[in-house]
Participant: 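The structure's right below; bear with me while I get my questions together.
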Protein chains: 2
Amino acid sequence: MVGRMAVVEDELSLVFSALADPTRRAIVERLALGEATVNQLAEPFAMTQQAISKHLKVLERARLITRTRTAQARPCVLDTENLDAAVGWIERHRQIWADRHDRLSEHLAALQAGRAKNEDKP
Amino acid sequence: MVGRMAVVEDELSLVFSALADPTRRAIVERLALGEATVNQLAEPFAMTQQAISKHLKVLERARLITRTRTAQARPCVLDTENLDAAVGWIERHRQIWADRHDRLSEHLAALQAGRAKNEDKP
DNA sequence: CATTTGCACAACCAATAGGTTGTGGAAGTG
DNA sequence: CACTTCCACAACCTATTGGTTGTGCAAATG
């Protein structure tokens with residue numbers, strides 16, 4: 001195999017990689033305040049409308065936004081389901097580590113306490 | 001400006017893009033169970049040790065792991081601080097939207113209730 | 001000391017990402 | 001109808017990503 005790439009991108013990868021771009025995060029922040037059209041979203045950025053459309057397509061593929069059609073406009077709405085999925089994944093593993101880490105700290109504290117019986121300054 | 005790329009990658013982008021790869025997420029999952037050496041981490045994957053080393057460098061740059069030195073081994077440990085940062089960012093904006101969405105659902109439910117007075121089947 | 005083990009650095013490669021310009025269609029407005 | 005507004009598609013460009021092979025050093029082991 002020479003240089004083959006990922007073919008079947010899983011949803012979580014799409015979500016995280018969608019959130020990995022500052023422009024797209026800004027768009028999500030904006031959409032958290034309410035729906036907006038492409039031009040409204042593009043306005044604050046120093047880039048073309050086409051670039052923003054590309055970003056929106058990435059967010060849509062990650063199912064972080066959904067798009068409706070109102071007349072000639074294409075308003076975007078935030079879809080939090082996959083945001084939840086992302087938080088879920090992180091929390092699941094962060095918590096396991098945190099628990100272990102607590103026990104480790106506990107263990108070290110116990111050791112420290114044991115040493116304190118013999119010498120005041122370690 | 002013709003095709004200039006991101007120069008000053010912010011930390012959050014590094015974190016999300018580090019988590020955007022299934023191999024790296026698997027590594028994080030593994031490290032949530034406790035520290036491991038490079039070879040231990042590489043073992044489950046159908047790729048070279050060098051590829052894993054690259055992935056570890058990405059995780060290290062995102063400050064999701066830290067590496068110590070024990071003899072000739074380089075054990076990796078999970079660092080949850082930036083995982084927390086990622087969750088924090090998502091939660092902040094997800095919550096705002098969720099609140100708005102609740103009020104919208106409420107509003108729609110109220111409308112629906114109003115209609116129910118006139119016709120049973122909407 | 002010779003060898004193995006653990007890991008990283010470098011050069012290379014194909015695919016992807018993130019931007020551009022150019023263009024055109026579909027829906028509202030004079 | 002002519003025109004403008006809103007948006008997407010296509011072609012193109014460059015940098016980055018995710019993998020490879022080849023190599024070599026540093027520390028443990030015989």
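Within every chain, numbering begins at 1; the chains are lettered A, B, ... in the order of the sequence lines, protein sequences first and strands thereafter.
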Participant: For A:Asn39 and D:dC7, is the shortest distance between a side-chain N/O and OP1 or OP2 below 4.0 Å?
Facilitator: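 Checking A:Asn39 against D:dC7: at least one side-chain N or O falls below 4.0 Å of OP1 or OP2.
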Participant: Regarding B:Lys57 and B:Glu60, does a basic nitrogen lie under 4.0 Å from an acidic carboxylate oxygen?
Facilitator: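 Salt bridge flag = no for B:Glu60 with B:Lys57.
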Participant: Any side-chain heavy-atom pair from B:Leu41 and B:Gln49 closer than 4.5 angstrom?
Facilitator: no
Participant: Counting only side-chain heavy atoms from C-beta out, which of D:dA8, C:dG19, D:dC6 sits nearest to A:Thr23?
Facilitator: C:dG19
Participant: Side-chain contact test, heavy atoms from C-beta onward, threshold under 4.5 Å: evaluate it for B:Asp10 versus A:Pro22 and give yes or no.
Facilitator: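 A side-chain contact under 4.5 Å exists here.
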Participant: Quick one: does A:Glu43's side chain have a donor or acceptor within less than 3.5 Å of a partner on A:Gln40's backbone?
Facilitator: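 No, the answer is negative, given that no donor and acceptor are paired below the 3.5 Å cut-off.
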Participant: Would you say C:dA8 has OP1 or OP2 under 4.0 Å from some side-chain N or O of B:Arg74?
Facilitator: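 B:Arg74 to C:dA8 OP1/OP2: side-chain N or O found under 4.0 Å.
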Participant: Rounded to whole Å, how long is the line connecting atom CD of B:Gln40 with atom C1' of C:dG6?
Facilitator: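 B:Gln40 atom CD is separated from C:dG6 atom C1' by 11 Å.
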Participant: For B:Leu19 and D:dG18, give me the distance from atom CG to atom P, rounded to whole Å.
Facilitator: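 Atom-to-atom, B:Leu19 to D:dG18, this comes out as 12 Å.
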Participant: Please list residues of residues 47-60 of chain B whose heavy atoms come under 4.0 Å from any atom in DNA chain D, ordered by number; otherwise none.
Facilitator: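 Contacts with DNA chain D under 4.0 Å: B:Met47, B:Thr48, B:Gln50, B:Ala51, B:Lys54, B:His55.
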Participant: Write down the distance between CZ (A:Arg67) and C1' (D:dA8), rounded to a whole number of angstrom.
Facilitator: 9 Å
Participant: Applying a 4.0 Å non-hydrogen cut-off, can you work out what A:Ser17 is touching in the nucleic acid: base, sugar-phosphate, or nothing?
Facilitator: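 No contact.
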Participant: Could you give the CG-to-C1' distance, from A:Leu14 to C:dA17, as a whole number of Å?
Facilitator: 13 Å
Participant: Would you indicate whether A:Arg30, at its atom CZ, is surrounded by more than 12 heavy atoms from other residues, nucleotides or ligands within a distance under 6.0 Å?
Facilitator: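 Atom CZ in A:Arg30 is packed in, count exceeds 12.
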Participant: Group every Ile, Leu, Val, Met, Phe, Trp and Tyr by side-chain heavy-atom contacts under 4.5 Å, then state whether A:Trp89 and B:Ile27 land in the same group.
Facilitator: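 In one cluster: yes.
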Participant: Check every strand shown and say whether B:Arg69 touches a base, only sugar-phosphate, or nothing at a heavy-atom separation below 4.0 Å.
Facilitator: nothing
Participant: With the side chain of B:Asp21 defined as its heavy atoms from C-beta on, choose the nearest nucleotide among D:dC7, C:dA8, D:dG18.
Facilitator: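 Nearest to the side-chain atoms of B:Asp21, counting from C-beta on, is D:dG18.
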